[in-house]
Each structure stands twice: as C-alpha cells, then as structure tokens.
Amino acid sequence: MAKTKIAVLISGRGSNMQALLEAAKDEAFPAEIVVVASNRPDAPGLAVAEAAGIATEVIDHRDYDGREAFEEALDSTLKMYGPRIVCLAGFMRILTPWFTERWRDLLINIHPSLLPAFKGLHTHERALEAGVRIHGCTVHYVRPEMDDGPIIGQAAVPVLPGDTPDTLAARVLEAEHKLYPQCVALACSGKARVAGERVRLQVREFGAELLMNPHD
Ligand code: GAR
C-alpha cells in the first residue's frame, strides 16, 4: 500500500522526530517522512534528519515580518514536498488560525501532559506542583486554540516519590517516543478520523499504554 507522506516540524532536539524516523524504517509503517522543517537554524534535530537522508528546510521566523508571513513561507515550503499530514514534534511557535485551518484534521501535535490538563509550557513542573499522581502525554489534531483539539491517543506515566521536573520529563519522553509513532500510524492509515470534534478510532487492539476511549 502507498505510504502517506508526512512532514515533521521541529524547533530543537528532535527526539520525537527521531522516533518517527525509526518507526518509518519498518515497511509496515504507513507513513514516510518527506521533509523535516525547523523555524530555528540551530535546531540539533536537523542534523539527525540529514544524517538519515531526509530533506531538511529552515524557515527562520526571525526573517519574516509577522506570524502570517512566516506561516505563508512555511506553508509554501511544505507544499513543495507534497505531505498529506504535518506532525509537530517539539515545534515551539504558536500557529495562527490561518495555518491550523489550512491543515485542519491534517495537523498533529504531541504535548507533554494529559490534556486538557497542563496546556502550555513547563508541564512537568506544574504537574509536580499540583501533586498529581499520574502524568503523561497526548497526541491530538491541532485546533486554533493552543494545545487543544481532538485527541488521538494518550500515554500515562506515574509520578514517583522524589521526582524532579527532569526525572518526570524523562519518563514522559520515553512514553512520547512510543505514543507518537502509534498515533501517526493511526492517522495515516485512516484509522483515527475526526467526527464531531472527537477522534473515532478503528482499531481492534492497541498497546496498553495507549489510552483510548473505550466507547469509540
Ligand atoms: C517534547 O516533550 C514535546 O512533547 C514538547 O517538546 C518536547 C520536544 O522534544 N512539545 C511541546 O511542549 C509542545 N507544546 P523533542 O524535540 O526531543 O521531540
């Protein structure tokens, strides 16, 4: 079966992008990464993508006058590679409705919390401050509101005694690296479709860490 072309947007380290790259090596994975793009020329993930033979692009937001001009450039760059789906993987620019609506139901994000809890930054510090016992990560379709949109999958991790933001972040990141490829595979194979602002899943079985709505 033909693979779905995806673009991955990063701003930094790119470990989630790397998890997608690893997953895409499997012939059964339904997606191929056609381009990795960054808004930061110094993003370490760019070198990782290049070493893996993936096309890379830099669209430096500082070169543009305003968010829309930046997003128009980003959009035209992406279009050159013909992706059907765009995956945000640690992409740290807020996107305007112009961009998110253009890619509605085709734009996916991973966020380091169990949404709708802890939107925004410093999620691990805030989870510890709140005293939650369970934390985790979420993969969702992007909507104009920040860290909002129909949820494809979530992975939960325990908060352990003595955790610091760093130890908790590392435990969540490990879960992210498993969750993101699974969710991207579901989206690319048409098994995670948006219906009425919820994601309807067509799966018979899934990993225990991938918390799905049992009513779907
Ligand atoms: C990841 O933890 C990702 O969930 C988070 O940034 C990190 C990027 O790491 N994204 C957000 O906070 C978006 N709101 P990576 O560059 O190694 O994938």
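First listed ligand is number 1; within each ligand, the first listed atom is number 1.
- Judged purely by distance below 3.5 Å, without hydrogens or angles, the side chains of T77 and E57 never pair a donor atom with an acceptor atom.
- Remark: aromatic rings of H111 and H140 are distant, center separation not under 6.0 Å.
- Nearest to atom 10 (N) of ligand 1 by heavy-atom distance, out of L20, L173, L88, I110, is I110.
- Of the protein's heavy atoms, H111 ND1, 3.2 Å lies nearest to atom 14 (N) of ligand 1.
- Nearest protein neighbour of atom 8 (C) of ligand 1, counting heavy atoms only, is G90 CA, 3.6 Å.
- Atoms of ligand 1 lying under 4.0 Å from at least one heavy atom of D147, given by number and element, are 14 (N).
- Scanning the protein for heavy atoms near atom 9 (O) of ligand 1, the closest one is R13 NH2, 3.1 Å.
- Ligand 1 has at least one atom lying under 4.0 Å from a heavy atom of M92.
- Applying the side-chain contact (heavy atoms from CB on, under 4.5 Å) test between T138 and each of L115, I110, N109 identifies L115 as the sole match.
- Counting heavy atoms from C-beta on, the side chains of V86 and L106 never come closer than 4.5 Å.
- Under the 4.0 Å criterion applied to side-chain N and carboxylate O atoms, R104 and E101 are assigned as salt-bridge partners.
- Electrostatic pairing of D163 and R171 counts as a salt bridge here, judged by a charged N lying under 4.0 Å from a carboxylate O.
- Under the 30°/60° scheme for interplanar angles, the aromatic rings of F91 and F70 are found to lie parallel.
- The shortest contact between atom 2 (O) of ligand 1 and any protein heavy atom is with E176 OE2, 2.9 Å.
- Of the protein's non-hydrogen atoms, G14 N, 2.7 Å is the one closest to atom 16 (O) of ligand 1.
- Protein heavy atom at the shortest distance from atom 12 (O) of ligand 1 is P112 CD, 3.4 Å.
- To the nearest 0.5 Å, atom OG1 of residue T167 and atom CG of residue L160 are 7.5 Å apart.
- Heavy atoms of I10 found under 4.0 angstrom from ligand 1: none, in either backbone or side chain.
- Residue, atom and distance of the protein heavy atom nearest to atom 15 (P) of ligand 1 are S15 N, 3.4 Å.
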